[in-house]
Amino acid sequence: MKLNPSDTFNKQLPADSNVSNTPRQVFDAAFSFVAPRIPSDPKLIHVADEVAQLIGISEAESKSNDFLNLVSGRAIYPDTKPYAMAYAGHQFGNWAGQLGDGRAINLFEVLHQNKRWTLQLKGAGETPYSRTADGLAVLRSSIREHLCSEAMYYLGVPTTRSLSLVTSGDKVLRDILYNGNAAYEDGAVVCRVAPSFIRFGNFQLFTARKDIKNLKALADYTIQYFYPEITVSGKEKYLQFYQEVVNRTVEMVLHWQRVGFVHGVMNTDNMSILGLTIDYGPYGWLEDYDPDWTPNTTDAEGRRYRFRNQPDIALWNLVQFGNALYPLIEDIVPMEEVLNSYSQQFDSQFPIIQQQKLGLEAEYDADFQDELTALLTASESDMTIFYRNLANVLKSDAPEHAFSKIEFSFYELDKIIDDLKTRWFNWFALYLEKIKAENISDSERKQAMNQVNPKYVLRNYMAQLAIEAAEKEDFTLIDELYTLLKNPYDEQPQYEKWFAKRPDWARDKVGCSMLSCSS
Ligand code: AMP
Ligand code: MG
């Protein structure tokens, strides 16, 4: 297996001069060199074939011992120097100081077909940033990260990728519900792949420490490699950079809202500088349509990161990122303009996406949309199934008939009675008027809707089934879900069973509707 390593981050930016792998505060450095822990009995569970191709690994090579050594941390690729990044962040709205890659180790960067990719192991042991934790990851959370990274990519959502999933052969102690019931679980390592894993928090760390020299070095580095279209200099350079990060972040959040993804932990250390969805932890998908839902039990009280808050939280995080960049710009007025453009972009794009989901090209009708949101919520409608089946409505349908086509999305059909049912019929009467006024045919509308409304998403219960099978060493469901989710917008009759509402057993089950940060 021959790759084309091409490190820049750990060559251009300052390294921690202390090379001991002990938890500590790290100053004047963007990262610390650290070797992955040697796993006791690594086994390859799954490889994302397309990610392997991206970095120049053939199918045969992905089955080799060299590959397993690489993605499990058992061997360091020749002439590379793995490292953990230093970053800080706001967690749940509070400044948390230095955090850093506590259980992520960047292996090296690869250049393949003119694209730069960083390979990063998650769960490969302690780093100077591990604080009091062990640097490890368990199989269940690693399956969730591996499958969801790829599922999001195929949904068209900007995301970090996942090359591989291995079990380490080591046991890891976790208290899933933080209630004193710790138990040993199988350890696992995921190899994540992205152009870069730099976060808002990398910038925040330097600014908090008034280390402007390194703040500038990091910004210059990021722009050089990841925003090469920015060619101006001076303050304007960092202002344009800020604008680009705002643009990419808006785009990412719009996609989340489109597909019903709830990240769960939108701390500033979990915000990618490239606008990629990063750090798949207690995430989830809206099933019964509840805009106030978050899967994260750690956030159960304030529900800061609930579905409908995500756009505002991304903006809040961008304010923090702006504060971090301020020393390089020192001009509040244009920075505020950049920030204001977030809401302008969101407010102009969001209605378009809502219209696309409904198959409408006409102007956005806020009352009509608000009534739909209210109905979906009151009726406990499955978001994915509702939008997908809505595409089957015909211009010639009567409102009652159109309604019957989305009935399957209700979790409790017998609750849709009286006033609620009348409101649905009224909504459909209006919807039918709207689609009749459009210039496209039923089949064209259906085709367009099916390109923005996925048929298959990685519902938590699906991941949970794959996890429970994997814990019994049956990995077939991981393969099946991976294959299914490669084509989330296509009809796949052989997988129709996955076009289903969350089953009753999953409603209040740990790992399905409730997830903690324990991973
Ligand atoms: P998260 O909430 O998963 O984004 O993690 C927040 C911080 O805690 C990051 O700095 C992580 O690297 C660190 N962290 C989370 N889990 C572990 C772990 N098991 N061992 C070491 N550090 C961890
Ligand atoms: Mg994180």
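Ligands are counted one by one from 1 in listed order, and the atoms in each one are counted from 1 as well. Here, residue 1 is the first one in the sequence, and each next residue gets the next number. Just so you know, these numbers use all the heavy atoms, side chains as well, and skip hydrogens, waters and symmetry mates. Every value quoted in this text rests on a predicted model; they were computed, and no experiment measured them.
Ligand 1 has no atom lying under 4.0 Å from any heavy atom of Q98. Residue R131 places a heavy atom under 4.0 Å from ligand 1. Within the structure, the closest approach of C517 to ligand 1 does not fall below 4.0 Å when heavy atoms are considered.
Protein heavy atom nearest atom 3 (O) of ligand 1, with residue, atom name and distance: R103 NH2, 4.3 Å. The protein atom (non-hydrogen) at minimum distance from atom 12 (O) of ligand 1 is G102 N, 2.7 Å. Protein heavy atom closest to atom 1 (P) of ligand 1, with residue, atom name and distance, is N270 ND2, 4.3 Å. The nearest heavy-atom contact from the protein to atom 18 (C) of ligand 1 is A133 CB, 3.4 Å. When only non-hydrogen protein atoms are considered, atom 5 (O) of ligand 1 lies nearest to D269 OD2, 4.5 Å. Nearest protein heavy-atom contact of atom 10 (O) of ligand 1 is G100 O, 2.6 Å.
Using a 4.0 Å cut-off between a side-chain N of Lys or Arg and a carboxylate O of Asp or Glu, D279 and R192 qualify as a salt bridge.
Between H46 and Y482, the distance from one ring center to the other falls under 6.0 angstrom. Ring centers of H112 and W117: at least 6.0 Å apart, outside the cut-off. Ring centroids of F9 and Y225 are separated by 6.0 Å or more, keeping the two rings apart.
Figure legend: R502 and W285 shown without cation-pi pairing, the cationic atom not lying both under 6.0 angstrom from the six-membered ring centre and within 45 degrees of its axis. Because its NZ or CZ atom is not both nearer than 6.0 Å to the ring centre of Y280 and within 45° of the ring axis, R144 does not count as a cation-pi partner of that residue. By the 6.0 Å and 45° rule, R459 does not stack over the aromatic ring of F261.
Here N270 reaches the Mg ion (ligand 2): one of its N/O/S atoms is less than 2.8 Å from the metal. D269 lies apart from the Mg ion (ligand 2) in this respect, since none of its N, O or S atoms is found at a distance under 2.8 Å.
Of the residues R24, R131, R209, the one that meets the side-chain hydrogen bond (donor to acceptor under 3.5 Å, both in side chains) test with Q98 is R209. No option in K171, K472, K43, R140 other than K171 meets the salt bridge (charged side-chain N to carboxylate O under 4.0 Å, His left out) test with D186.
Counting heavy atoms closer than 4.0 Å to ligand 1, residue R174 contributes side-chain atoms (C-beta onward) but none from N, CA, C or O. Within the 4.0 Å heavy-atom criterion, the part of L136 lying near ligand 1 is the backbone and not the side chain. When non-hydrogen atoms are compared, ligand 1 lies under 4.0 Å from the side chain of Q91 (C-beta onward) but not from its backbone.
Between D134 and ligand 1, an N or O atom pair is found at a separation short of 3.5 Å. On a distance-only criterion, G135 and ligand 1 share at least one N/O pair closer than 3.5 Å.
Looking only at its N/O/S atoms, D279 has OD2 as the one nearest to the Mg ion (ligand 2).
The ligand atoms of ligand 1 that sit less than 4.0 angstrom from a heavy atom of D279 are 4 (O). Heavy-atom contacts of L99 reach the following atoms of ligand 1: 10 (O) (cutoff under 4.0 Å).
Of all the heavy atoms in P14 and F31, the pair that sits closest is O-CE2, 3.5 Å.
Side chains of Y77 and N69: no donor on one and acceptor on the other come within 3.5 Å.
By the definition of a contact as any protein heavy atom under 4.0 Å away, atom 20 (N) of ligand 1 is in contact.
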Using side-chain hydrogen bond (donor to acceptor under 3.5 Å, both in side chains), reason through R116 and S6 one step at a time and then give a plain yes or no. CA-CA 8 Å; R116 178 171 300 282; S6 164; 3.3 Å; yes
